[in-house]
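This report concerns only the one structure given below.
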Amino acid sequence: MINNGPSPDLVADAILSVVEGKITDARVPVGEDSDYFSDTLNKQTQEEFETTVKNALSL
């Protein structure tokens with residue numbers, strides 16, 4: 001999961017959009033992993049989310 005993240009170009013585009021003011025969100029999801037974690041965060045408490053992330057990343 002974490003070792004196969006989005007391409008640097010996608011991340012750079014997201015950063016540029018924030019810098020240029022095109023995106024003003026506090027979090028900017030980039031890639032498929034971020035969709036999963038964003039959806040999960042919205043459905044769980046912060047504590048549950050942290051546990052889910054630790055388990056997903058084998059931490």
Side-chain angles (χ1 to χ4, degrees):
M1 201 179 246
I2 198 165
N3 293 326
N4 298 316
S7 77
D9 291 337
L10 289 175
V11 175
D13 288 343
I15 293 169
L16 183 61
S17 293
V18 170
V19 170
E20 292 178 339
K22 295 176 184 174
I23 297 176
T24 58
D25 298 338
R27 291 187 173 124
V28 181
V30 179
E32 293 177 20
D33 290 352
S34 66
D35 291 336
Y36 167 76
F37 287 116
S38 293
D39 290 343
T40 302
L41 176 60
N42 292 331
K43 296 175 184 172
Q44 296 180 340
T45 66
Q46 184 65 35
E47 190 173 278
E48 291 169 331
F49 176 72
E50 289 175 13
T51 300
T52 299
V53 171
K54 287 177 183 177
N55 291 336
L57 301 177
S58 300
L59 300 176

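Position 1 is the first residue of the sequence, and the numbers go up from there.
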- [ ] Please round to the nearest 0.5 Å and tell me the distance separating atom CD1 of Ile15 and atom CG of Leu10.
- [x] 11.0 Å

Open item on the list: Are Thr51 and Gln44 packed together at the side-chain level, in the sense that at least one heavy-atom pair is separated by less than 4.5 angstrom?
Closed with: no

- [ ] Check Thr52 against Tyr36 and note the closest heavy-atom contact, atom names and distance.
- [x] CG2-OH, 3.7 Å

Task: Selection residues 48-59 - residue pairs positive for salt bridge (Lys or Arg N to Asp or Glu O under 4.0 Å), sequence neighbours left out - done: none

- [ ] Find out if a path of hydrophobic residues (ILVMFWY) with successive side-chain heavy-atom gaps under 4.5 Å connects Ile23 to Leu16.
- [x] no

Open item on the list: Show the nearest heavy-atom pair for residues Ala14 and Val30, with the distance to one decimal.
Closed with: CB-CG2, 3.4 Å

Task: salt bridge (Lys or Arg N to Asp or Glu O under 4.0 Å) partners of residues 7-21, not counting sequence neighbours, each pair once - done: Glu20-Lys22

Open item on the list: For residues Phe37 and Val11: do they belong to one hydrophobic cluster (side chain heavy atoms under 4.5 Å, members Ile, Leu, Val, Met, Phe, Trp, Tyr)?
Closed with: no

